[in-house]
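The sequence lines fix the lettering, A, B, ..., with proteins before strands; numbering per chain opens at 1. Remember, predicted model here, so these are calculated numbers, not experimental data.
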2 protein chains.
Amino acid sequence: MESTRELFQIMTRRFGLLNKNCCTVGGHDITPVQSHILFEVDRQHHPSIQQIAETLGTDITTFSRQIQSLIKMNLIKKTPDPTDRRVSTLALTVEGKYVATTIDHQMNAYLDDVFSYMTEFEKETVLRSIKLMNEAMAKSDYCCKPMLG
Amino acid sequence: MESTRELFQIMTRRFGLLNKNCCTVGGHDITPVQSHILFEVDRQHHPSIQQIAETLGTDITTFSRQIQSLIKMNLIKKTPDPTDRRVSTLALTVEGKYVATTIDHQMNAYLDDVFSYMTEFEKETVLRSIKLMNEAMAKSDYCCKPMLG
DNA sequence: AAGGATTTATTGCAAAATACAAGTATTTAA
DNA sequence: TTAAATACTTGTATTTTGCAATAAATCCTT
């Protein structure tokens with residue numbers, strides 16, 4: 001009998017592999033870390049560097065350098081916040097938006113392929129379940145936050 | 001409206017963070033990569049180095065060195081395969097088994113906390129869904145295998 | 001059975017990722 | 001107004017990573 005952890009561990013690993021192999025877009029080889037960053041910058045509204053670093057649970061100094069790479073690749077732009085000049089807000093460039101969108105489509109296409117092995121009802125159940133899981137994880141104090149230390 | 005990819009991306013990230021912060025066991029600070037390795041070595045029956053590397057989708061040279069670390073930490077032992085002396089089979093040491101088990105319990109405890117925010121029915125649905133997802137992912141040729149290149 | 005191809009794993013690099021410590025610049029607050 | 005706090009960057013050292021090249025064992029073809 002599979003433990004709960006085992007189920008999640010395996011699914012998470014498979015999804016991670018998908019992320020790893022997805023994608024080379026527009027001549028850019030995007031690492032999983034970069035893919036996560038593009039994803040989050042796209043999702044959040046003009047996030048600060050610290051916000052994204054915290055969301056992803058990485059050290060801010062490491063993250064600062066990751067951003068520098070993405071700026072050099074012309075995928076992200078950094079704008080000083082007018083109300084607080086210590087802060088830099090991040091946004092995708094046009095090219096960055098294109099890359100992020102393409103990755104998104106690729107990933108969804110792969111996931112659609114997975115869902116093709118289920119009935120429509122099963123697919124809906126799975127999606128509802130993941131949503132449930134995300135909501136519950138957000139509520140839990142112990143689990144799954146970017147806890148430090 | 002959240003895309004399929006978005007749902008999985010967020011859940012996967014949260015689970016990854018959990019893995020990252022879980023656990024310091026018996027004086028050992030286990031990295032997520034090491035945790036994955038212990039998990040897989042525990043699951044598979046006397047796997048070879050290549051088998052695990054392939055499962056986890058990492059380069060075999062990187063993996064070879066990871067194993068060396070874990071051997072130094074006395075968590076894994078390497079035995080030459082009598083039927084093919086090129087191959088080394090891996091197994092957990094007593095201490096490694098203890099560490100792996102402890103991590104497993106920790107992770108399950110965290111997940112139980114998450115499930116405490118659901119009804120029993122919802123929990124069962126979620127678990128069935130993850131199982132479904134794993135089966136479908138295993139069937140898919142495109143998705144989620146340790147595809148190289 | 002011999003010899004070349006294949007497989008398994010390990011090292012030699014060099015590049016990239018990571019994080020602690022220290023630093024700069026700005027803002028908050030006492 | 002000046003000390004503390006915050007946001008971010010840079011210095012430095014360690015670790016991780018992976019491509020080449022290598023060594024050793026096995027497989028395969030004739």
Side-chain angles (χ1 to χ4, degrees), chain A residues 13 16-17 19-21 24 28-38 40-41 44 46-73 75-91 146-149, chain B residues 13 16-17 19-21 24 28-38 40-41 44 46-73 75-91 146-149:
Chain A
R13 179 170 66 222
L17 288 171
N19 228 326
K20 192 171 181 176
N21 297 111
T24 302
H28 293 297
D29 238 333
I30 307 296
T31 68
V33 172
Q34 290 171 338
S35 171
H36 272 89
I37 294 174
L38 294 178
E40 258 327 297
V41 171
Q44 296 186 26
H46 291 303
S48 72
I49 290 183
Q50 199 159 53
Q51 272 176 313
I52 302 284
E54 202 165 308
T55 304
L56 300 181
T58 59
D59 187 271
I60 194 170
T61 67
T62 302
F63 192 74
S64 175
R65 280 182 251 252
Q66 286 280 1
I67 292 297
Q68 286 168 30
S69 300
L70 288 166
I71 288 173
K72 264 196 205 105
M73 292 166 79
L75 299 180
I76 276 190
K77 55 174 178 275
K78 209 169 59 176
T79 316
D81 185 330
T83 72
D84 185 342
R85 285 185 306 174
R86 289 171 303 181
V87 178
S88 289
T89 60
L90 302 175
M147 23 179 169
L148 308 170
Chain B
R13 179 170 65 224
L17 288 170
N19 229 324
K20 193 171 180 176
N21 298 109
T24 302
H28 293 297
D29 237 334
I30 308 296
T31 68
V33 172
Q34 290 171 339
S35 171
H36 273 88
I37 294 173
L38 294 178
E40 257 328 297
V41 171
Q44 297 186 25
H46 291 303
S48 71
I49 291 183
Q50 198 160 55
Q51 272 176 312
I52 302 283
E54 202 165 306
T55 304
L56 300 181
T58 59
D59 188 90
I60 194 172
T61 67
T62 302
F63 191 74
S64 174
R65 281 182 254 253
Q66 287 281 2
I67 292 296
Q68 285 168 30
S69 301
L70 287 165
I71 289 172
K72 264 198 206 103
M73 293 165 78
L75 300 179
I76 277 189
K77 56 173 177 274
K78 207 171 57 175
T79 316
D81 185 330
T83 72
D84 184 343
R85 284 186 305 173
R86 290 170 303 181
V87 178
S88 289
T89 60
L90 303 174
M147 23 179 170
L148 307 171

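Residue-to-nucleotide proximity on DNA chain D shows that, of A/Ser48 and B/Phe63, the 5′-proximal contact is made by A/Ser48. Positionally, the nearest nucleotide of DNA chain D for A/Ile49 lies more toward the 5' end than for the other of B/Ile60 and A/Ile49. Annotation: of the two residues near DNA chain C, B/Gln50 and A/Thr61, the 5′-most nearest-nucleotide partner is B/Gln50.
Whole-Å rounding puts the A/Lys72 NZ to C/dA15 P distance at 15 Å. To the nearest angstrom, P of D/dC8 lies 10 Å from CD1 of A/Ile67. In this structure, the NZ atom of A/Lys78 is 13 Å from the C1' atom of C/dA25, given to the nearest Å. Following rounding to the nearest Å, B/His36 (NE2) and D/dT16 (P) show an atom-to-atom distance of 16 Å. Taking atom CE of B/Met73 as the reference point, atom C1' of D/dT15 lies 14 Å away to the nearest angstrom. One interatomic measurement links the two molecules: CG of A/Leu56 to C1' of C/dA17, which rounds to 15 Å at whole-angstrom precision. Put simply, CG on A/Asp81 is 11 Å from P on C/dT28, counting in whole angstrom units. As a whole-Å value, the separation of A/Asp29 CG from C/dA17 P is 12 Å.
Contact between the side-chain N/O atoms of A/Lys20 and the OP1/OP2 oxygens of D/dT17 is not found at any separation under 4.0 Å. The shortest distance between the side-chain N/O atoms of A/Gln68 and the OP1/OP2 oxygens of D/dT10 is below 4.0 Å. Residue A/Gln66 places at least one side-chain N or O under 4.0 Å from the OP1 or OP2 atom of C/dT18. Residue B/Thr62 places no side-chain N or O under 4.0 Å from the OP1 or OP2 atom of D/dT16. Within the structure, a side-chain polar atom (N or O) of B/Ser64 is placed less than 4.0 Å from OP1 or OP2 of C/dT10.
Proximity of a side-chain donor or acceptor of A/Lys20 to a complementary backbone N or O of B/Gly57 within less than 3.5 Å is detected.
Put simply, the side chain of A/Ile52 does not reach to within 4.5 Å of the side chain of A/Ile67, judged on heavy atoms. With a 4.5 Å cut-off on side-chain heavy atoms, A/Arg13 and B/Glu40 count as touching.
Counting only heavy atoms from C-beta on, B/Val87 has its side chain closest to C/dT8 among C/dT8, D/dG18, C/dT10. When each of D/dT9, C/dT11, C/dC20 is scored by its nearest atom to the side-chain atoms of A/Asp59, the top-ranked nucleotide is C/dC20. Closest to the side chain of A/Arg65, from the set C/dT18, C/dT10, D/dC8, is C/dT18.
Counting any heavy atom pair closer than 4.0 Å across all strands shown, A/Ser69 reaches no nucleic acid atom.
Defining each end axis of the helix from C/dA1-D/dT30 to C/dA30-D/dT1 as the rotation carrying four pairs' C1' atoms onto the next four, with five pairs an end, the two axes are found to diverge by 20° to 10 degrees.
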Inset, instruction - Report the C-alpha separation of A/Thr79 and A/His46 in whole Å, then their side-chain angles, then the decisive distance to 0.1 Å, and conclude whether the side-chain contact (heavy atoms from CB on, under 4.5 Å) test is met. - result: CA-CA 9 Å; A/Thr79 316; A/His46 291 303; over 6 Å; no
Inset, instruction - Show your reasoning for whether side-chain contact (heavy atoms from CB on, under 4.5 Å) applies to A/Ile76 and A/Ile37. - result: CA-CA 10 Å; A/Ile76 276 190; A/Ile37 294 174; 4.0 Å; yes
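The CZ atom of A/Phe63 lies 11.5 Å from the CD atom of A/Glu54; values are rounded to the nearest 0.5 Å. Taken to the nearest 0.5 Å, the CD1 atom of A/Ile60 stands 10.5 Å off from the CD atom of A/Gln51. A distance of 7.0 Å separates CD1 in B/Ile30 from CG in B/Leu70, rounded to the nearest 0.5 Å. The OG1 atom of B/Thr89 sits 9.5 Å away from atom NZ of B/Lys77, with the distance rounded to the nearest 0.5 Å.
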Any N/O pairs under 3.5 Å between the protein and nucleotides 23-28 of chain D? List them or say none.
from	atom 1	to	atom 2	distance (Å)
D/dT26	OP1	B/Arg85	N	3.2

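Donor-acceptor pairing under 3.5 Å is recorded for the side chains of A/Thr55 and A/Gln44.
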